[in-house]
There are 2 protein chains.
Amino acid sequence: MTPTTPTPTAEENWLRLDRQICFSLQAASRAFNGVYRVVLKDLGLTYPQYLVMLVLWEQGALPVKKLGEHLRLDSGTLSPLLKRLEAAGLVRRERSARDERSVEVRPTEEGAALRERALQVPRRIAAATGFDLDEIRDLRERLDQLTGALDSAALDETPGCS
Amino acid sequence: MTPTTPTPTAEENWLRLDRQICFSLQAASRAFNGVYRVVLKDLGLTYPQYLVMLVLWEQGALPVKKLGEHLRLDSGTLSPLLKRLEAAGLVRRERSARDERSVEVRPTEEGAALRERALQVPRRIAAATGFDLDEIRDLRERLDQLTGALDSAALDETPGCS
DNA sequence: GGCCATTTAGTTGTACGCAATTGAATTGTG
DNA sequence: CACAATTCAATTGCGTACAACTAAATGGCC
């Protein structure tokens with residue numbers, strides 16, 4: 001059939017782009033990002049900023065460290081992001097009195113008020129997926145399971161764990 | 001139970017971080033990224049660079065435009081990435097003779113040789129997921145379906161489509 | 001109290017991802 | 001041939017991600 005392509009080994013088949021689940025994953029993640037970009041434009045938020053506000057709406061106020069644990073982000077990402085949210089008047093940052101190392105982040109009045117307008121966001125996003133609630137839940141559970149497996153595998157693989 | 005929290009409306013429940021499939025998706029994507037970072041360090045590639053090389057190993061050579069279509073990336077992302085791959089000696093970029101606007105990207109000898117060492121990557125990644133082949137395929141199909149739905153929804157939602 | 005390991009944010013540097021713009025090359029149309 | 005519209009890569013600007021580093025603050029230990 002294709003003399004230039006000798007029968008590919010099983011290993012070579014695995015290198016095909018359309019076999020890479022990580023690629024499908026990233027494509028889906030970016031597709032979500034695109035929809036969020038449109039939906040969140042009204043609120044003046046990027047998608048990561050929206051995630052930060054979600055946590056703050058749930059928790060009221062919490063230190064940068066805790067915020068990073070919830071979102072799996074480190075201070076290198078959060079520090080500039082939070083500065084932009086502060087510049088936009090949506091959050092306030094203040095050193096904790098108990099522990100001067102820690103910085104408490106809390107929504108301002110304006111930031112809290114934004115929640116009202118955000119209530120419609122999940123419905124619009126869910127509609128865009130074309131999935132019903134059970135499918136979404138099922139997919140989410142698989143993904144979380146996948147993340148858990150990858151995280152523990154990363155610990156094993158990490159070279160510098162002497 | 002919790003008098004400070006009046007019964008949340010259905011809509012408010014949807015704002016909970018742990019309900020956001022996009023978050024699970026992004027977390028999984030970044031977890032993959034972390035595993036790839038470890039596995040690809042030997043090859044001197046980042047994960048997006050690895051994806052580019054996957055396409056080039058499959059296709060041999062192709063213009064930036066086609067590369068971007070395969071990977072869903074635009075020139076703003078690819079141009080600097082390809083420059084780094086060229087600086088690393090893995091690809092060559094040359095203006096197409098037929099169409100001077102187009103730039104053909106092709107693996108160098110060294111880039112093609114790298115494929116040998118990459119053959120082991122998918123197996124190591126697959127092992128890290130803890131999923132078997134059927135589960136991976138099933139998840140990949142769902143994700144691709146999701147991406148398709150989100151892409152067409154984005155077209156509908158885009159404000160500037162007069 | 002003095003000392004040191006740890007914790008916490010912030011900063012710097014590198015690398016995407018994407019919108020918007022630029023500029024060169026090509027194509028379609030008269 | 002002339003000219004407008006289109007195509008293509010590159011560039012610019014902004015916003016994440018994340019590793020590595022810095023510096024301030026804390027807590028345990030003697």
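Worth saying up front: this structure is predicted, and the values here are computed from it rather than measured. Chain letters run A, B, ... following the sequence lines, proteins first and then strands; every chain starts at 1. Computation of the quantities below employed the complete heavy-atom set of this structure, encompassing side-chain atoms and omitting hydrogens, waters and symmetry-equivalent molecules.
Under 4.0 angstrom from either OP1 or OP2 of D:dC18 there lies at least one side-chain N or O belonging to B:Arg30. Contact annotation: B:Lys83 reaches the phosphate of D:dT11 (side-chain N/O to OP1 or OP2, under 4.0 Å). Using a 4.0 Å cut-off, some side-chain N or O of B:Arg93 falls inside it from OP1 or OP2 of D:dA10. A close approach under 4.0 Å does not occur between any side-chain nitrogen or oxygen of B:Gln26 and OP1 or OP2 of D:dT16. A:Arg37 has no side-chain polar atom (N or O) that falls below the 4.0 Å cut-off from OP1 or OP2 of D:dG15. Within the structure, every side-chain polar atom (N or O) of A:Ser102 is placed at least 4.0 Å from both OP1 and OP2 of C:dT7.
Here A:Asp74 lies in heavy-atom contact (under 4.0 Å) with a base. Heavy atoms of A:Pro80 sit nowhere under 4.0 angstrom from any nucleic acid atom. Residue contacts for B:Leu81: at a heavy-atom cut-off of 4.0 Å it reaches the sugar-phosphate backbone alone, with no base atom in range.
The interatomic distance linking A:Lys41 (NZ) with D:dC14 (P) rounds to 17 Å, in whole Å. Here the C1' atom of nucleotide C:dC16 and the OH atom of B:Tyr47 are 12 Å apart, to the nearest Å. Put simply, CD on A:Glu69 is 12 Å from P on C:dT7, counting in whole angstrom units. Nucleotide C:dC18 holds its C1' atom 9 Å from the CG atom of A:Asn33, rounded to whole Å. The CG atom of B:Asp99 sits 11 Å away from the C1' atom of C:dA24 (whole-angstrom rounding). In this entry the distance linking CG of A:Leu25 with P of C:dG17 reads 13 Å, nearest Å. When rounded to the nearest whole Å, the span between CG of B:Leu82 and P of C:dC16 equals 10 Å. Atom pair A:Arg98:CZ and D:dT26:P shows a separation of 11 Å (rounding to whole Å applied).
Between A:Arg95 and A:Glu104 no salt bridge is recorded (no basic side-chain N to carboxylate O distance below 4.0 Å). For A:Arg93 and A:Glu86, the salt-bridge test passes: some basic side-chain N is under 4.0 Å from an acidic carboxylate O. By the 4.0 Å N-to-carboxylate-O rule, A:Arg140 lies too far from B:Asp18 to be salt-bridged with it.
The side-chain heavy atoms of B:Phe131 and A:Ile21, taken from C-beta on, include no pair separated by under 4.5 Å.
With hydrogens and angles left out, the side chain of B:Ser79 and the base of D:dA9 share no donor-acceptor pair within 3.5 Å. For A:Thr46 against D:dG15, a side-chain-to-base donor-acceptor contact under 3.5 Å is absent. For C:dT26, the base has no donor-acceptor partner in the side chain of B:Arg101 [N/O atoms by modelled type, under 3.5 angstrom].
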Using the salt bridge (Lys or Arg N to Asp or Glu O under 4.0 Å) rule, take B:Arg72 and B:Asp151 through it: C-alpha gap first, then chi angles, then the decisive distance, then the call.
CA-CA 11 Å; B:Arg72 299 168 145 268; B:Asp151 281 346; 2.4 Å; yes
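Looking only at distances, a side-chain donor or acceptor of B:Thr129 sits under 3.5 Å from a matching main-chain atom of B:Ala126.
Proximity note for B:Pro63 (side chain, C-beta onward) versus D:dT16, C:dG10, D:dA9: the nearest is D:dA9. The side chain of B:Gln49 sits closest to C:dC16 out of D:dA17, C:dC16, D:dA10.
Between B:Lys65 and B:Thr77, the residue whose closest nucleotide on DNA chain D is further toward the 5' end is B:Lys65. Across the interface with DNA chain C, nearest-nucleotide mapping of A:Leu78 and B:Pro48 shows A:Leu78 to be the residue nearer the 5′ end. Residues A:Arg84 and A:Glu100 both approach DNA chain D. Their nearest nucleotides, taken by heavy-atom distance, put A:Arg84 toward the 5′ side.
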